[in-house]
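Worksheet: one structure, shown below.
Numbers restart at 1 for each chain; the letters A, B, ... are given by sequence-line order, proteins then strands.
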There are 2 protein chains.
Amino acid sequence: MMNMTNAELNDQDLDQIRRICEEAGIKLTHQRLEIFKELMTARDHPSAEDIHRHLQKRMPTVAIDTVYRTLATFDELGIARRLHLANNRNLFDTNLAPHHHFICDACRKVEDVYWPDFDSTALPEEISAIGQVRSRHLELHGLCTACLEQSGE
Amino acid sequence: MMNMTNAELNDQDLDQIRRICEEAGIKLTHQRLEIFKELMTARDHPSAEDIHRHLQKRMPTVAIDTVYRTLATFDELGIARRLHLANNRNLFDTNLAPHHHFICDACRKVEDVYWPDFDSTALPEEISAIGQVRSRHLELHGLCTACLEQSGE
DNA sequence: TTCTTGGATAAGAATAATTCTTAATAACAT
DNA sequence: ATGTTATTAAGAATTATTCTTATCCAAGAA
């Protein structure tokens, strides 16, 4: 669920997206700005369709393809992260702080998990033979509190 | 890539699949047995299509739908694990020992990673407020040695 | 052995998510 | 203001997966 207030950016965020587009040599179009706003105000992990649906209220002609294309661009630029958590569906994350995810196997809800001690733990040496690790992402699977209560009734 | 030798099962594995099907109350059909063989002899993380393609050499009429259906069944029975690593494509894993994955961001190759020390580390307490964790899966992203060499040339 | 029954399968249609093609549009530099 | 070029909208196309349905087949009953 996206939040339902009208997406608004503070000047700092506006400067950020301006600078990022300039540095990347791409144009700051109306569509890119609005999709950026949606991402910054989303409190969960929206799919491209979530963003498109919400955005249509303000921009009725925006194409779903533009949303997909822009999210892919943002992922490349490091503004958003594409997650492969759900079955056959990409979710997007704007929380760029190091964090991990809890996924409820029943309702598929995704919650952010912070574990800085783990983030700073050295990886086992054997991995250097496989390749060079640039990032780590932990997925915790189980049942969320809401689904636990339901199954306990 | 699936291995190219003819898939053969040892008696132990055959007993295992027999017992699992019986316990689950489902029939051990020819298709299920052959798909199980493919999984047991695959050394990587095959997609449904990989398995179907390879299996067609021995069973020309097998339907891709049967492969999907059977893999879903095996996932439910705990014989295989469905992985959401790739974009828009499910991969399957028969390595049922606790392990994690290294994914090369360049060539998308997936390698198994073992890290028992991490597996036995207690999770942060805060997670109990989110839900009950049943399994953990770590994804390490980066560049594999082959892609590192290529990019270094 | 033949019959019956129900689960499993093949074939192909249907669906869902995503990406591609193309012509029109709009951002930005000049 | 104008031209250049990236970007967009629209809808078609593609890809992966699942569904529908008629058929098949294995195992137990007669």
Side-chain angles (χ1 to χ4, degrees), chain A residues 14 17-38 45-77 79-92 108, chain B residues 17-18 20-38 45-77 79-92 108:
Chain A
L14 190 63
I17 184 70
R18 278 233 175 80
R19 184 164 29 78
I20 287 170
C21 284
E22 190 172 6
E23 280 172 14
I26 66 171
K27 294 174 181 172
L28 178 53
T29 62
H30 185 202
Q31 287 84 345
R32 281 178 182 149
L33 182 59
E34 293 300 319
I35 291 167
F36 182 72
K37 283 184 189 175
E38 286 299 327
H45 304 84
S47 67
E49 209 197 326
D50 289 334
I51 290 180
H52 182 242
R53 187 175 341 102
H54 196 229
L55 197 53
Q56 272 189 318
K57 295 173 188 165
R58 284 179 289 137
M59 292 179 70
T61 65
V62 70
I64 184 92
D65 168 65
T66 300
V67 176
Y68 277 107
R69 201 164 6 83
T70 303
L71 289 172
T73 304
F74 285 178
D75 182 47
E76 283 162 26
L77 296 181
I79 303 174
R81 266 173 65 198
R82 187 192 294 256
L83 303 175
H84 302 295
L85 302 178
N87 202 1
N88 314 330
R89 164 160 271 200
N90 293 160
L91 300 181
F92 290 85
R108 289 270 125 198
Chain B
I17 185 70
R18 277 231 176 81
I20 287 169
C21 285
E22 189 171 5
E23 280 172 15
I26 65 171
K27 295 174 181 170
L28 178 53
T29 62
H30 186 204
Q31 287 83 346
R32 281 179 183 147
L33 182 60
E34 292 300 320
I35 291 168
F36 182 72
K37 282 184 190 173
E38 286 299 327
H45 304 84
S47 67
E49 208 197 326
D50 289 335
I51 291 181
H52 182 243
R53 189 178 337 105
H54 197 230
L55 196 53
Q56 272 189 318
K57 294 172 189 165
R58 283 181 288 138
M59 293 178 68
T61 64
V62 70
I64 183 92
D65 169 65
T66 300
V67 176
Y68 277 107
R69 202 165 3 85
T70 302
L71 289 171
T73 303
F74 285 178
D75 182 47
E76 283 162 26
L77 296 181
I79 304 174
R81 267 173 66 197
R82 187 192 294 259
L83 303 175
H84 303 295
L85 302 177
N87 202 2
N88 314 330
R89 164 160 273 201
N90 294 159
L91 301 181
F92 291 84
R108 289 270 126 200

Completion exercise
For B:R81, the salt bridge (charged side-chain N to carboxylate O under 4.0 Å, His left out) test, sequence neighbours excluded, returns none

Exercise for the section: Kindly state each residue pair satisfying salt bridge (Lys or Arg N to Asp or Glu O under 4.0 Å) with at least one member in residues 61-75 of chain B, sequence neighbours excluded. Expected result: B:D65-B:R69

Practice task
Provide, to the nearest angstrom, the distance between the CD1 atom belonging to B:I51 and the P atom belonging to D:dT17.
Solution key: 11 Å

Exercise for the section: Kindly check if the number of other-residue, nucleotide or ligand heavy atoms within 6.0 Å of CZ (A:R108) is above 12? Expected result: yes

Completion exercise
A:I20 meets the side chain to side chain contact (heavy atoms under 4.5 Å, CB included) criterion, sequence neighbours left out, with A:Q16, A:L77, A:I79

Handout entry: Rounded interatomic separation in angstrom, taking NE2 from A:H52 and C1' from C:dT19
Key = 15 Å

Handout entry: Spacing of A:I17 atom CD1 relative to C:dA27 atom P, expressed in whole Å
Key = 15 Å

Cut-off 3.5 Å, no hydrogens considered: what does the side-chain donor-acceptor table look like for residues 22-32 of chain B, sequence neighbours left out?
residue, atom, partner, partner atom, Å
B:T29, OG1, B:R32, N, 3.2
B:R32, NH1, B:K27, O, 2.7

Completion exercise
side-chain hydrogen bond (donor to acceptor under 3.5 Å, both in side chains) filter on B:H52, not counting sequence neighbours, yields none

Exercise for the section: Figure out the CD1/P separation between B:I26 and C:dG6, and round it to whole Å. Expected result: 19 Å

Practice task
Quick one: list whatever passes side-chain hydrogen bond (donor to acceptor under 3.5 Å, both in side chains) with B:R82, sequence neighbours left out.
Solution key: B:N90

Handout entry: Any residue meeting side-chain hydrogen bond (donor to acceptor under 3.5 Å, both in side chains) with B:R89, in chain and number order, not counting sequence neighbours
Key = B:E49

Completion exercise
note: A:L33, atom CG; C:dC28, atom P; distance rounded to Å ~ 11 Å

Completion exercise
Given protein heavy atoms under 4.0 Å, the one-letter contact record of nucleotides 8-16 of chain D, with B base, S sugar-phosphate only and - none, is simply BBBB----S

Exercise for the section: In whole angstrom, give the distance that lies between atom CG of A:L91 and atom C1' of C:dT18. Expected result: 14 Å

Problem - Minimum side-chain heavy-atom gap A:L85-B:H84 below 4.5 Å - result: no

Completion exercise
Separation of C:dA17 atom C1' from A:L85 atom CG, nearest Å, is 16 Å

Output a table of nitrogen or oxygen pairs between the protein and nucleotides 22-29 of chain D separated by less than 3.5 Å.
none

Handout entry: Rounded distance in Å - CD1 (B:I35) to P (C:dA8)
Key = 13 Å

